[in-house]
Amino acid sequence: MKVYNTLSKKKETFTPLEEGKVKMYVCGPTVYNLIHIGNARPMIVFDTVRRYMEYKGYEVNFVSNFTDVDDKIIKKAVEEGVSAQEISKRYIEECKKDMENMNVKTATVHPLATEEIDGMLEMISTLIEKGYAYSTADGTVYFRTRKFKDYGKLSHKNLDELQAGHRDIKVTREDKEDALDFVLWKPKKEGEPYWESPWCQGRPGWHIECSVMSKKYLGEEIDIHAGGEDLIFPHHENEIAQSEACNGKIFAKYWLHNGFLNIDNKKMSKSLGNFFTVREIQEKYDLQVLRFFMLSAHYRSPLNFSADLMEAAKNGLDRIRNSAKNLNYLSQNAKVVQMAEQEAEFWKESDVFVTKFESSMDDDFNTADAISVVFELVKYINTKVNEASSKEFLDKLYQRMCLLCDILGIILEEKEEILEEEIETLITERQAARKEKNFARADEIRDILLKKGIILEDTREGVKWKKA
RNA sequence: GGCGCAGUAGCCAAGCGGUAAGGCAAUGGUCUGCAACACCAGUACGCACCGGUUCAAAUCCGGUCUGCGCCUCCA
């Protein structure tokens with residue numbers, strides 16, 4: 001299995017630190033609002049990485065945090081006149097609902113920054129002892145960036161370039177030894193949540209939490225650290241500095257980063273008004289469609305989001321689901337016999353799709369390619385299967401489809417929705433009318449239902465309905 | 001100013017040295033009381049442009065144009 005490592009800028013063969021086990025950390029969201037579809041990309045992508053690793057037989061210890069102390073949370077709390085904790089708690093719950101609806105597996109541990117303050121104080125103290133950090137008059141603690149020789153190895157920047165970088169809005173604080181030093185601990189402001197520390201009453205800087213939580217739940221050395229590409233600098237660069245300066249060991253072996261999600265070819269931002277929450281997408285689509293859409297491009301490429309693209313993704317997913325549905329339908333009526341000789345040959349022949357799927361995924365999780373293999377399987381199934389097929393053959397093919405889709409986190413079974421009784425009755429009446437060849441009445445009922453927003457389709461599996 | 005990514009059919013998107021996967025849409029067909037759905041079948045002499053290397057280039061090298069990202073909170 002090859003993975004692209006941001007550290008080396010190359011695809012590398014994946015070899016875990018410990019045979020058969022994977023230690024993986026994914027930077028989670030700051031919970032100050034409902035998550036947006038940009039937040040959803042790393043969740044979906046790295047959940048898929050995890051699923052594939054598990055499929056390959058690895059035992060994956062997957063840790064993903066919730067940042068529950070932060071300026072934006074405090075700001076939101078002030079706006080609503082409630083505590084910061086109330087805000088973070090609320091949006092963690094909402095986020096978990098969204099994750100479930102996107103079929104993102106729960107992490108082995110979902111640590112909260114506010115519950116790991118002790119570990120942070122400990123790491124900051126060690127960094128000060130080792131000369132990698134210093135505190136200032138007001139109790140702010142900074143990381144001494146220039147002291148860490150490898151600084152810049154992830155983002156491939158060197159300190160002088162960084163400093164020479166033209167930035168209009170460059171806020172440098174007077175008490176820093178160097179403009180590049182970043183905050184580990186900062187004093188509270190009036191009304192803000194705070195914790196006691198040797199330096200002042202205050203709260204942690206953003207970067208320290210991930211270093212600490214990763215260490216606590218996965219150890220000083222981990223296999224994979226992942227997140228959005230925007231986190232490469234400064235967040236992940238700073239994490240490396242903190243962890244490696246503190247532990248004296250290589251922090252993470254592989255660094256994976258997903259590309260950004262754009263809206264109509266523009267960066268998503270509130271000011272442009274092109275900001276979508278996962279919840280808003282859910283009003284219009286099953287979140288499986290969102291997931292399928294996100295996996296239809298390579299995770300490192302930028303991905304454009306638009307209404308048309310979602311619609312295309314929906315139609316594509318439907319093709320896969322229809323094929324699965326058809327297998328189920330045929331299976332229900334199939335003869336319970338063993339595979340015929342030719343079916344056994346076809347079955348054997350379809351092994352190739354599993355092999356191809358795996359080699360796509362082995363190549364840096366090429367889900368776009370993997371999905372194309374699923375479509376090839378769909379076509380194969382559609383052309384090889386009919387009313388005369390044996391139950392064994394049908395069921396095996398169905399299981400094979402499920403196997404591949406499950407790795408992608410795509411669910412094939414659809415939730416059964418319940419119709420109002422009145423509509424149910426009309427559908428039954430229409431069926432009766434059709435049987436008596438009273439097509440006028442049948443069409444009349446179809447029109448009535450259409451006006452109620454129900455579209456009927458007469459398929460060979462019986463009448464199907466969907467909402468307009 | 002520095003660092004970096006990308007340009008493949010109407011749209012999306014794999015391929016990354018051996019002669020263009022897959023999906024959506026459009027088109028033709030099969031099925032159906034009709035409609036819809038579903039299924040099947042075609043669909044790029046070509047991979048932004050100009051040069052170069054090679055027996056062979058969408059893939060490597062140089063240049064040009066265009067779009068985008070990071071360097072500041074951000075997934």
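Residue numbering restarts at 1 for every chain, and letters A, B, ... go by the order of the sequence lines. Quick caveat: nothing in here was measured; it's all calculated off a predicted structure.
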Nearest to the [X] side chain among [options], which nucleotide is it?
X: A:Leu231; options: B:C34, B:A75, B:C71; value: B:A75
X: A:His36; options: B:A35, B:A75, B:C70; value: B:A75
X: A:Phe260; options: B:C74, B:A75, B:G33; value: B:A75

When the [atom1] atoms of [N] and [M] are considered, how many whole Å apart are they?
N: B:C16; M: B:G7; atom1: P; answer: 13 Å
N: B:G10; M: B:G46; atom1: P; answer: 13 Å
N: B:A6; M: B:U43; atom1: P; answer: 30 Å
N: B:G28; M: B:A36; atom1: P; answer: 13 Å

Original post:
Do A:Asn258 side-chain atoms and A:Tyr299 backbone N/O form a donor-acceptor pair below 3.5 Å?
Top reply: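 Judged by distance alone, no pair lies under 3.5 Å.
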
**OP:** Tell me, please, whether A:Tyr32 has A:Lys76 positioned over its six-membered ring: NZ or CZ under 6.0 Å from the ring centre and within 45 degrees of its axis?
**Re:**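 Here A:Lys76 fails the 6.0 Å and 45° test against A:Tyr32.
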
Original post:
Is it the case that A:Lys157 places NZ or CZ above or below the six-membered ring of A:Phe233, under 6.0 angstrom from the centre and within 45 degrees of the axis?
Top reply: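 Yes, A:Lys157 sits over the ring of A:Phe233.
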
According to a strict under-4.0 Å criterion, is [X] in side-chain N/O contact with OP1 or OP2 of [N]?
X: A:Trp206; N: B:C74; value: yes
X: A:Lys267; N: B:C70; value: yes
X: A:Asn322; N: B:A38; value: yes

**OP:** Quick one: label A:Ser360 by what it contacts on the DNA or RNA (base, sugar-phosphate, nothing), any heavy atom closer than 4.0 Å.
**Re:**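 Here A:Ser360 touches no strand at all.
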
Original post:
Does any residue of residues 362-373 of chain A have a heavy atom under 4.0 Å from RNA chain B, and if so, which ones, in number order?
Top reply: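 Heavy-atom contacts with RNA chain B come from A:Asn366, A:Ala368, A:Asp369, A:Ser372.
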
Take atom [atom1] of [X] and atom [atom2] of [N], then tell me their distance rounded to the nearest Å.
X: A:Phe182; N: B:C71; atom1: CZ; atom2: P; answer: 16 Å
X: A:Leu295; N: B:A14; atom1: CG; atom2: C1'; answer: 14 Å
X: A:Lys9; N: B:C3; atom1: NZ; atom2: C1'; answer: 8 Å
X: A:His298; N: B:C12; atom1: NE2; atom2: P; answer: 19 Å
X: A:Met361; N: B:A14; atom1: CE; atom2: P; answer: 14 Å
X: A:Trp465; N: B:C37; atom1: CH2; atom2: P; answer: 18 Å
X: A:Arg446; N: B:C37; atom1: CZ; atom2: C1'; answer: 11 Å
X: A:Lys2; N: B:C16; atom1: NZ; atom2: P; answer: 13 Å

Original post:
Got a sec, which residues hit side-chain hydrogen bond (donor to acceptor under 3.5 Å, both in side chains) with A:Glu100, two or more places apart in sequence or on another chain?
Top reply: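 Once residues adjacent in sequence are excluded, A:Glu100 has no partner under the side-chain hydrogen bond (donor to acceptor under 3.5 Å, both in side chains) criterion.
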
**OP:** Could you say whether A:Phe293 or A:Lys437 is positioned toward the 5' end of RNA chain B, judged by the nucleotide with the nearest heavy atom to each?
**Re:**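 By nearest-heavy-atom nucleotide position, the 5'-most residue is A:Phe293.
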
Original post:
Pick the nucleotide of RNA chain B nearest each of A:Leu456 and A:Asn326; which residue has the one closer to the 5' end?
Top reply: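 This one resolves to A:Leu456.
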
Original post:
Under 6.0 Å between the ring centres of A:Phe293 and A:Phe305?
Top reply: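 A:Phe293 vs A:Phe305: aromatic centres under 6.0 Å.
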
Could you label the plane-to-plane angle of the [X] and [Y] rings as parallel, tilted or perpendicular, counting under 30° as parallel and over 60° as perpendicular?
X: A:His36; Y: A:Phe275; value: perpendicular
X: A:His207; Y: A:His235; value: tilted
X: A:His236; Y: A:Trp255; value: tilted

Subject >> Pairing of A:Arg146 and A:Asp178 as salt bridge, 4.0 angstrom limit >> reply: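 Looking at A:Arg146 and A:Asp178, the cut-off is met.
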
**OP:** Sugar-phosphate means primed atoms, P, OP1 and OP2; the rest is base. With that split, encode nucleotides 23-29 of chain B 5' to 3' as B, S or - using protein heavy atoms under 4.0 Å.
**Re:** SSS----

Original post:
Will you find, in the side chains of A:Lys391 and A:Ser331, an N or O donor that is under 3.5 Å from an N or O acceptor?
Top reply: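 There is such a pair between these side chains.
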
